[in-house]
Amino acid sequence: MNTMLLHCRPGFEGEVCAEISELAAHLDVAGYAKAKPNSACAEFICSEPGGAERMMRKLRFNQLIFPRQWARGEYVELPETDRIGVLLEALADYPVCGSLWLEVLDTNEGKELSTFCRKFEKPLRAALIKAGKLKDDPKLPRLLLTFRSGREAFVGLAESNNSALWPMGIPRLKFPREAPSRSTLKLEEAWHHFIPRADWDKRLAPGMTAVDLGAAPGGWTWQLVQREIKVTAVDNGPMAESLMYSGYVEHQRADGFTFKPRRPVNWMVCDIVEKPARTAAMIETWLGEGWCQEAVVNLKLPMKQRHAEVQKLLARIDTGLKARGLKVSIACKQLYHDREEVTCHLRRL
């Protein structure tokens, strides 16, 4: 089990390779990363025994930026006549697992395998339980099977508290028909990823205040209003009338980059299409000046050197806030609902 498989958004395989290689070097784990373009995954092959397990023990999955899911394990070829038997044999040296996820890659070929996985899961689960390799216990490792086809799967392990929240890292969120735009799902996913569910009632409480920069037509504002948070929506464009009737929204026709709140707010959110360096400077100002307590902001990415650009911007924000004598937690993730962007969460401590 000296190979790590990392799921990602198609087209971002190079960013995953760069990120995991940098982390491996920092941990002094020898190995190399490889990926095929638009395959929706990358691999890191460790050169030393136990290297993959050590990396996954030292790193926290929720701190990785571009991977959607990860597991350590190996590829297994599966004959059509006895897939379960071959899997049980391959799992002989694996520990007992506490949960089972059957996954595919986020490609057209992967989507075609979804039906096969749904049908195969029930008999496989029964066989694993009977063989004593699976029992319901969240403290035990999760068994992750990623199918490339009906005849090949990556048989992997990951800790349930140190891997994706959802199979393949894809949240099962339903688009609310009342929301003005599909971008609403970006903010909902960000809350799931960055804020523990147990903290929602405290950190996203009714009566809090927020500013939504570049709000129109109101996809992100809609999420805040559903939490009964009072929103100042900043945009020169029109807001959805339904939001204006809610009584929770004040529309300010202004430029989001020059807007300054009259008083500090609990939240600032922003999904403006702009050069990432300018957005990063705006983030530093809002947190540094104490205009908000927490922020969720999207950084639009260039076409090349995207991992390097993200690292440079995060370092710039961190350095600027520390120079002000502030302690701020900074997290960043390319969420499923992101496109050519990453989402950042910042919180004054």
Side-chain angles (χ1 to χ4, degrees), residues 7-9 12 61-69 106 163-235 237 239-240 242-249 256 265-273 279 283 286 292-301 329-347:
H7 294 228
C8 66
R9 180 175 182 80
F12 282 80
F61 176 78
N62 61 7
Q63 294 177 347
L64 304 181
I65 297 173
F66 291 100
R68 288 183 181 171
Q69 176 65 291
D106 189 16
S163 55
L165 295 173
W166 306 276
M168 300 150 52
I170 299 178
R172 300 299 186 251
L173 303 179
K174 184 178 180 180
F175 173 62
R177 288 181 296 176
E178 304 86 359
S181 68
R182 293 197 65 85
S183 70
T184 192
L185 296 175
K186 292 184 187 180
L187 185 55
E188 184 179 359
E189 184 183 355
W191 286 344
H192 280 285
H193 180 80
F194 295 116
I195 306 176
R197 190 64 180 84
D199 289 354
W200 280 27
D201 289 343
K202 179 175 62 176
R203 292 165 61 184
L204 295 166
M208 282 186 165
T209 55
V211 171
D212 183 356
L213 301 177
W220 285 30
T221 294
W222 188 89
Q223 287 290 337
L224 294 159
V225 167
Q226 295 309 296
R227 303 291 301 179
E228 299 182 14
I229 295 172
K230 298 176 181 178
V231 185
T232 300
V234 181
D235 202 304
M239 296 292 292
S242 58
L243 287 172
M244 301 312 299
Y245 294 150
S246 70
Y248 287 97
V249 181
V265 295
N266 299 106
W267 281 92
M268 183 272 279
V269 299
C270 176
D271 189 26
I272 298 178
V273 178
T279 304
I283 294 172
W286 272 79
C292 66
Q293 182 67 29
E294 294 193 59
V296 171
V297 181
N298 273 354
L299 294 175
K300 312 302 176 178
L301 300 179
S329 68
I330 303 174
C332 182
K333 188 73 175 181
Q334 185 177 46
L335 302 174
Y336 172 70
H337 290 96
D338 287 338
R339 297 295 182 260
E340 299 294 322
E341 60 201 352
V342 292
T343 299
C344 295
H345 171 254
L346 301 96
R347 184 188 186 195

**Request:** Using a 4.5 Å cut-off on heavy atoms from C-beta on, say whether the side chain of H193 contacts that of T343.
**Result:** no
**Request:** Enter the distance from L335:CG to F194:CZ here, rounded to the nearest 0.5 Å.
**Result:** 5.5 Å
**Request:** Taking all non-hydrogen atoms of both residues into account, name the closest pair between P176 and L185 and its distance.
**Result:** CD-CD2, 4.3 Å
Side-chain donor-acceptor pairs under 3.5 Å in residues 202-220, sequence neighbours left out?
unit_1: R203; atom_1: NE; unit_2: E294; atom_2: OE2; d: 3.0
unit_1: R203; atom_1: NH1; unit_2: D199; atom_2: OD2; d: 3.4
unit_1: R203; atom_1: NH2; unit_2: E294; atom_2: OE1; d: 2.8
unit_1: T209; atom_1: OG1; unit_2: N266; atom_2: N; d: 3.3
unit_1: T209; atom_1: OG1; unit_2: N266; atom_2: OD1; d: 3.4
unit_1: D212; atom_1: OD2; unit_2: T221; atom_2: N; d: 3.1
unit_1: D212; atom_1: OD2; unit_2: T221; atom_2: OG1; d: 2.7
unit_1: W220; atom_1: NE1; unit_2: S183; atom_2: O; d: 2.9

**Request:** Look at atom CZ of R172 and say whether more than 12 heavy atoms of other residues, nucleotides or ligands are closer to it than 6.0 Å.
**Result:** yes
**Item:** Non-hydrogen atoms of P180 and W222 that approach each other most closely
**Value:** CD-CB, 3.8 Å
**Request:** Would you indicate whether K230, at its atom NZ, is surrounded by more than 12 heavy atoms from other residues, nucleotides or ligands within a distance under 6.0 Å?
**Result:** no
**Message:** Can you give me the closest heavy-atom contact between A190 and V296, atom names plus distance?
**Reply:** CB-CG1, 3.9 Å
**Request:** Might you point out which heavy atoms bring W166 and P171 nearest each other, and give the distance in Å?
**Result:** CD2-CA, 3.4 Å
**Request:** Measure the spacing between NE2 of H337 and CG of N298 and express it to the nearest 0.5 Å.
**Result:** 12.5 Å
**Flag side-chain contact, heavy atom, 4.5 Å: F12 against I65** = no
**Prompt:** Between W286 and C292, does a side chain to side chain contact (heavy atoms under 4.5 Å, CB included) hold up when you go through it step by step?
**Reply:** CA-CA 6 Å; W286 272 79; C292 66; 4.1 Å; yes
**Asked** Checking K333 against F61: charged group under 6.0 Å from the ring centre and within 45 degrees of the axis?
**Response** yes
**Straight-line distance of H192 NE2 to R197 CZ, nearest 0.5 Å** = 6.5 Å
**Request:** Please work out which of the three classes, parallel, tilted or perpendicular, describes the rings of W200 and W191, given edges at 30° and 60°.
**Result:** perpendicular
**Asked** What is the minimum heavy-atom distance between L243 and S246, and which atoms define it?
**Response** O-OG, 2.6 Å
**Prompt:** CG of L64 to SG of C332: how many Å apart, nearest 0.5 Å?
**Reply:** 11.0 Å
**Item:** Interatomic distance, Y248 atom OH to Q226 atom CD [nearest 0.5 angstrom]
**Value:** 10.0 Å
**Request:** Please determine which of T279, L299, D271 meets the side-chain contact (heavy atoms from CB on, under 4.5 Å) test together with E341.
**Result:** D271
**Asked** Do the side chains of M168 and Q69 get nearer than 4.5 Å, heavy atoms only?
**Response** no
**Prompt:** How far apart are the C-alpha atoms of K300 and D338, what are their side-chain angles, what is the distance that settles it, and do they pass the salt bridge (Lys or Arg N to Asp or Glu O under 4.0 Å) test?
**Reply:** CA-CA 9 Å; K300 312 302 176 178; D338 287 338; over 6 Å; no
**Asked** Just how far is it from atom NE2 of H7 to atom CG of D106, taken to the nearest 0.5 Å?
**Response** 10.0 Å
**Request:** Return the minimal non-hydrogen interatomic distance between Y336 and R9, and the atom names on each side.
**Result:** O-NH1, 3.9 Å
**Item:** Residue pair M268 / T232, side-chain heavy-atom distance below 4.5 Å
**Value:** no
**Message:** Treating Q223 as the side-chain partner and E188 as the backbone partner, does any N or O pair qualify as donor plus acceptor under 3.5 Å?
**Reply:** no
